[in-house]
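Accompanying notes for the structure given below.
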Number of protein chains: 2
Amino acid sequence: MNDIKQFLRSNSLRPTKQRIVIAGYLFDGTDKHITAESLSTELTKRKHIISLATIYNTLHDFYENGLLKKLILSSDRVYFDTNTDDHHHFYSEKDQFLIDINKNIKVNGLPKTPKNKKINKIEVIVHLDK
Amino acid sequence: MNDIKQFLRSNSLRPTKQRIVIAGYLFDGTDKHITAESLSTELTKRKHIISLATIYNTLHDFYENGLLKKLILSSDRVYFDTNTDDHHHFYSEKDQFLIDINKNIKVNGLPKTPKNKKINKIEVIVHLDK
DNA sequence: TATCAGTTTAGAATGATTCTAAAGTGTTGA
DNA sequence: TCAACACTTTAGAATCATTCTAAACTGATA
């Protein structure tokens, strides 16, 4: 709990009740893929009632501070990933199925980066099913 | 024009006025990345007034019939790509910048596909800037 | 050319996300 | 310890891409 406060502070986030609860859940040591909706459901299940607006704010704040990765996989919801290491994903739209690929993937044969641009990150999505 | 009609028919799409216009624009030989909005703007510029609903319907129909690729890159709009070959993309969210990578990319080191799943496609997105 | 299934369309509805502005709360300095 | 204020939270409204509805229209067929 004080760990969490310190953790938030060290990421320039004021440790409010809500952020402490959310961070406590998200960063419990197990990698998680969540959406605003799924996070809200999970917190409610644990008797922590936090408004959706705050959940959106918090996910955004955590993302902006590098505590979460944002995944754009579907047009109807945004996923966040608590694993912020460089990694990739298996994804099944049909089954809402999302698994990290932590193995070291190599992408070979990339052409020259467009003029005046820098590569920020390379994302590999392995789409399953159809 | 009759080419386009045949083209639509051969893809089990009834060649309506609107579809002919849209297909004529989309499949003119040059690869295009479009959104419903950008397509609407482009058609309006060419004096072809087609309702947004029809534009959405048509993009969806073309996609369902394999004439377009769908690209989920941003949470606030869906891109379609007239290049349906296996290929990848450079993408800059900041600049709404999207370029095909047609070179042969190889992704090495993928782990085993999850049980009972089949790989549908592998998508590589090279994110530029930040 | 009549008929009808497939299409188009205006306008309403949807739903995730963002915005607003008012009330609440960490933090800081004295 | 506490006043003061900047930062947060929140309910509810607003936004906006996309989908839905159901009525009018049209390509295909016989």
Side-chain angles (χ1 to χ4, degrees), chain A residues 1-25 33-44 48-65 67-68 70-80 93 96, chain B residues 1-25 33-44 48-65 67-68 70-80 93 96:
Chain A
M1 161 75 167
N2 277 320
D3 301 353
I4 297 179
K5 284 193 181 182
Q6 274 324 118
F7 171 72
L8 289 170
R9 282 206 190 85
S10 70
N11 281 285
S12 32
L13 290 164
R14 188 185 285 190
T16 64
K17 291 194 201 74
Q18 293 83 347
R19 284 175 179 166
I20 290 168
V21 166
I22 295 175
Y25 168 66
H33 297 118
I34 55 151
T35 63
E37 199 56 37
S38 78
L39 177 54
S40 173
T41 302
E42 200 54 47
L43 294 175
T44 300
H48 289 118
I49 307 307
I50 296 179
S51 77
L52 249 195
T54 296
I55 286 177
Y56 276 103
N57 288 341
T58 303
L59 288 173
H60 185 260
D61 295 341
F62 285 7
Y63 168 68
E64 286 302 320
N65 285 281
L67 303 180
L68 293 173
K70 194 195 282 188
L71 302 178
I72 307 291
L73 297 168
S74 151
S75 51
D76 45 47
R77 59 195 158 300
V78 172
Y79 287 93
F80 288 92
E93 172 143 43
Q96 307 259 110
Chain B
M1 161 78 168
N2 277 320
D3 301 352
I4 297 179
K5 284 193 182 183
Q6 274 325 117
F7 171 72
L8 289 169
R9 281 207 191 85
S10 69
N11 281 284
S12 31
L13 290 163
R14 187 184 287 189
T16 64
K17 290 194 202 75
Q18 294 83 344
R19 284 175 178 167
I20 291 168
V21 167
I22 295 175
Y25 168 66
H33 298 117
I34 55 150
T35 64
E37 198 57 37
S38 77
L39 177 54
S40 173
T41 302
E42 200 55 48
L43 295 174
T44 299
H48 289 116
I49 307 307
I50 296 178
S51 77
L52 250 193
T54 296
I55 286 176
Y56 276 104
N57 288 341
T58 303
L59 287 174
H60 184 261
D61 295 341
F62 285 7
Y63 169 68
E64 286 304 318
N65 284 283
L67 304 181
L68 292 173
K70 194 196 282 191
L71 302 177
I72 308 291
L73 298 168
S74 153
S75 51
D76 44 48
R77 60 195 157 300
V78 172
Y79 287 93
F80 289 92
E93 173 144 44
Q96 306 260 112

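Per chain, numbering begins at 1; letters A, B, ... match sequence-line order.
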Could you state the atom-to-atom distance from CD of A/Gln6 to P of C/dG26 in whole Å? 15 Å
Expressed in angstrom and rounded to an integer, what is the separation of B/Phe62 atom CZ from C/dT7 atom P? 11 Å
Given C/dT17, C/dT27, D/dA28, the nucleotide with the shortest approach to the side chain of A/Arg9: C/dT27
Tell me, with the steps shown, if B/Leu68 and B/Leu59 meet side chain to side chain contact (heavy atoms under 4.5 Å, CB included). CA-CA 8 Å; B/Leu68 292 173; B/Leu59 287 174; 3.7 Å; yes
Over how many whole Å does the gap from B/His60 atom NE2 to C/dT7 atom C1' extend? 15 Å
Residue pair A/Asn57/B/Thr16 against DNA chain D: nearer the 5' end by closest nucleotide is A/Asn57
Could you tell me whether A/Thr54 contacts a base, only the sugar-phosphate backbone, or nothing, with contacts defined as non-hydrogen atoms closer than 4.0 Å? base
Phosphate OP1/OP2 of D/dT26 contacted by B/Gln18 side-chain N/O (<4.0 Å): no
Contact nearer the 5' end of DNA chain C, comparing A/Ala53 with A/Lys17: A/Ala53
Between A/Ile50 (CD1) and C/dG24 (C1'), how many Å, whole number? 15 Å
To the nearest angstrom, how far is B/Leu43 atom CG from C/dT9 atom C1'? 15 Å
Please state how far atom CG in B/Leu8 lies from atom C1' in C/dG6, giving the value in whole angstrom units. 14 Å
For A/Phe62 and A/Arg19, the nearest pair of non-hydrogen atoms, with its separation, is CZ-O, 4.1 Å
B/Tyr56, nearest nucleotide to its side chain (from C/dT9, D/dA17, C/dT18): D/dA17
Sidechain-backbone polar pair: A/Ser38 side chain, A/Ile34 backbone, donor-acceptor under 3.5 Å: no
Taking D/dT10, C/dT9, C/dA5 as options, the one with an atom nearest any side-chain atom of B/Arg14 is C/dA5
No-hydrogen, no-angle side-chain donor-acceptor test under 3.5 Å, A/Thr54 and A/Ser51: yes
Roughly, in whole Å, what's the span from CZ in A/Arg19 to P in C/dG26? 11 Å
Just checking B/Glu93: does its CD atom have more than 12 heavy atoms from other residues, nucleotides or ligands closer to it than 6.0 angstrom? no
Nucleotide C/dT8, atom P - distance to CD1 of B/Ile22 in whole Å: 8 Å
